[in-house]
Engineer: 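Take a look at this one; I'll ask things after.
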Amino acid sequence: GAGVSQSPRYKVAKRGQDVALRCDPISGHVSLFWYQQALGQGPEFLTYFQNEAQLDKSGLPSDRFFAERPEGSVSTLKIQRTQQEDSAVYLCASSLGAGGEQYFGPGTRLTVT
Amino acid sequence: KQEVTQIPAALSVPEGENLVLNCSFTDSAIYNLQWFRQDPGKGLTSLLLIQSSQREQTSGRLNASLDKSSGRSTLYIAASQPGDSATYLCAVGTGFQKLVFGTGTRLLVSP
């Protein structure tokens, strides 16, 4: 595709519900990243994939957060038992490879009520 | 732990002015530095990428410089236009190329 796409664009979840956020990277991009952006802040790193391998998950805030990229293309970020503090914009980015320019999707705005 | 600071937090200028946005980082062991713009409610648009071996990059009215030893980068915008109004984010590439972001500079260019 022309760019990184994410779905849904907006998600409202009741506290305690599970959510799944999808990212379609640019075709052929090896590296995929997830970031979390709180209101008025810069994005913060969550996790990184190289193809299907999750090489860094040091930014995931708790074991309620889980990400996968089983075929090295589309990725899903899953949040179990959502809490109010999970409300944020979740951004996905992809790049051709090591040290490459990262291209971001439009994000998914998650609101937990 | 890498920390990125952007100054000023907000900037308001009349159309046509040249301006400089500043970014500083605490650890000089970086792979690259990337400047982005973010419009309200939107994702990030990449403006310029400077690899750690480079000193500057230019694209149109934008010029970004990098001084790794002093932990600084600047984004220079020439002849600003109202369409340049946005939040500008600086990010340094570290480790597995993950980006560490500053909190941004909110720019408003008035006609």
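Owing to the predicted nature of the structure, the values given are computational and were not obtained by experimental measurement. Letters go in sequence order (proteins before strands), and every chain restarts at 1.
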Engineer: Which answer fits T47(A), side chain, backbone, both or neither, if we ask what part of it has an atom under 4.5 Å from a heavy atom of chain B?
Structural biologist: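 It is neither, since no heavy atom gets under 4.5 Å.
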Engineer: Transitively linked via ILVMFWY side-chain contacts under 4.5 Å: L75(B) with V100(B)?
Structural biologist: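 Cluster IDs for L75(B) and V100(B) match.
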Engineer: Report, as yes or no, whether the 6.0 Å neighbourhood of atom CD on Q54(A) holds more than 12 heavy atoms from other residues, nucleotides or ligands.
Structural biologist: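 Yes.
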Engineer: Tell me whether the count of non-hydrogen atoms from other residues, nucleotides or ligands lying under 6.0 Å of CD in E71(A) goes above 12.
Structural biologist: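 Counting other residues, nucleotides and ligands, CD of E71(A) stays at 12 neighbours or fewer.
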Engineer: Could you see if V109(B) belongs to whatever hydrophobic cluster contains L11(B)? Use Ile, Leu, Val, Met, Phe, Trp, Tyr and a side-chain cutoff under 4.5 Å.
Structural biologist: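 Linked within one cluster.
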Engineer: Check step by step if side chain to side chain donor-acceptor pair (under 3.5 Å) holds for E101(A) and S46(B).
Structural biologist: CA-CA 8 Å; E101(A) 191 167 5; S46(B) 179; 2.5 Å; yes
Engineer: Counting heavy-atom pairs closer than 4.5 Å to chain A, which one of L49(B), L44(B), T103(B) comes out on top?
Structural biologist: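 If we count pairs closer than 4.5 Å to chain A, L44(B) comes out on top.
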Engineer: Determine, using the 4.5 Å side-chain heavy-atom cutoff (strictly less than), whether V19(A) and L77(A) are members of one ILVMFWY cluster.
Structural biologist: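 Yes: a chain of side-chain contacts under 4.5 Å links V19(A) to L77(A).
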Engineer: What part of Q37(A) gets within 4.5 angstrom of chain B, counting heavy atoms only: side chain, backbone, both, or neither?
Structural biologist: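 Answer is side chain: those atoms of Q37(A) sit under 4.5 Å from chain B.
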Engineer: Take Y35(A) and L99(B) through the side-chain contact (heavy atoms from CB on, under 4.5 Å) test and state the conclusion after the steps.
Structural biologist: CA-CA 9 Å; Y35(A) 295 86; L99(B) 294 176; 3.4 Å; yes
Engineer: Flag yes if more than 12 heavy atoms outside R61(B) fall under 6.0 Å of its CZ atom; otherwise flag no.
Structural biologist: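 Result for CZ/R61(B): enclosed.
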Engineer: Q6(B) versus chain A, heavy atoms under 4.5 Å apart: side chain, backbone, both or neither?
Structural biologist: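 Q6(B) has no heavy atom closer than 4.5 Å to chain A.
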Engineer: Nearest 0.5 angstrom please: K42(B) NZ to L91(A) CG, how far?
Structural biologist: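 Answer for the NZ-CG pair, K42(B) versus L91(A), is 13.5 Å.
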Engineer: Can you confirm whether more than 12 heavy atoms, excluding those of K57(A), are under 6.0 Å from its NZ atom?
Structural biologist: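 At most 12 heavy atoms, drawn from other residues, nucleotides or ligands, come within 6.0 Å of this atom.
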Engineer: Check for me, please, whether F104(A) and L46(A) land in the same ILVMFWY cluster - side-chain distances under 4.5 Å, paths through other members count.
Structural biologist: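 In one cluster: no.
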Engineer: Looking at chain B, which one of S95(A), A93(A), G42(A), S31(A) has the largest number of heavy-atom pairs inside 4.5 Å, strictly under?
Structural biologist: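 Between S95(A), A93(A), G42(A), S31(A), the count favours G42(A).
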Engineer: Which bit of L89(B) comes within less than 4.5 Å of chain A, counting heavy atoms only: side chain, backbone, both or neither?
Structural biologist: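 Just its side chain gets close to chain A.
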Engineer: Would you name the heavy atoms of N32(B) and G100(A) that are closest together and state the gap between them?
Structural biologist: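 Closest approach of N32(B) to G100(A), heavy atoms only: ND2-O, 4.3 Å.
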Engineer: Verify the ring-centre separation between F101(B) and F45(A): is it less than 6.0 angstrom?
Structural biologist: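 No, too far apart.
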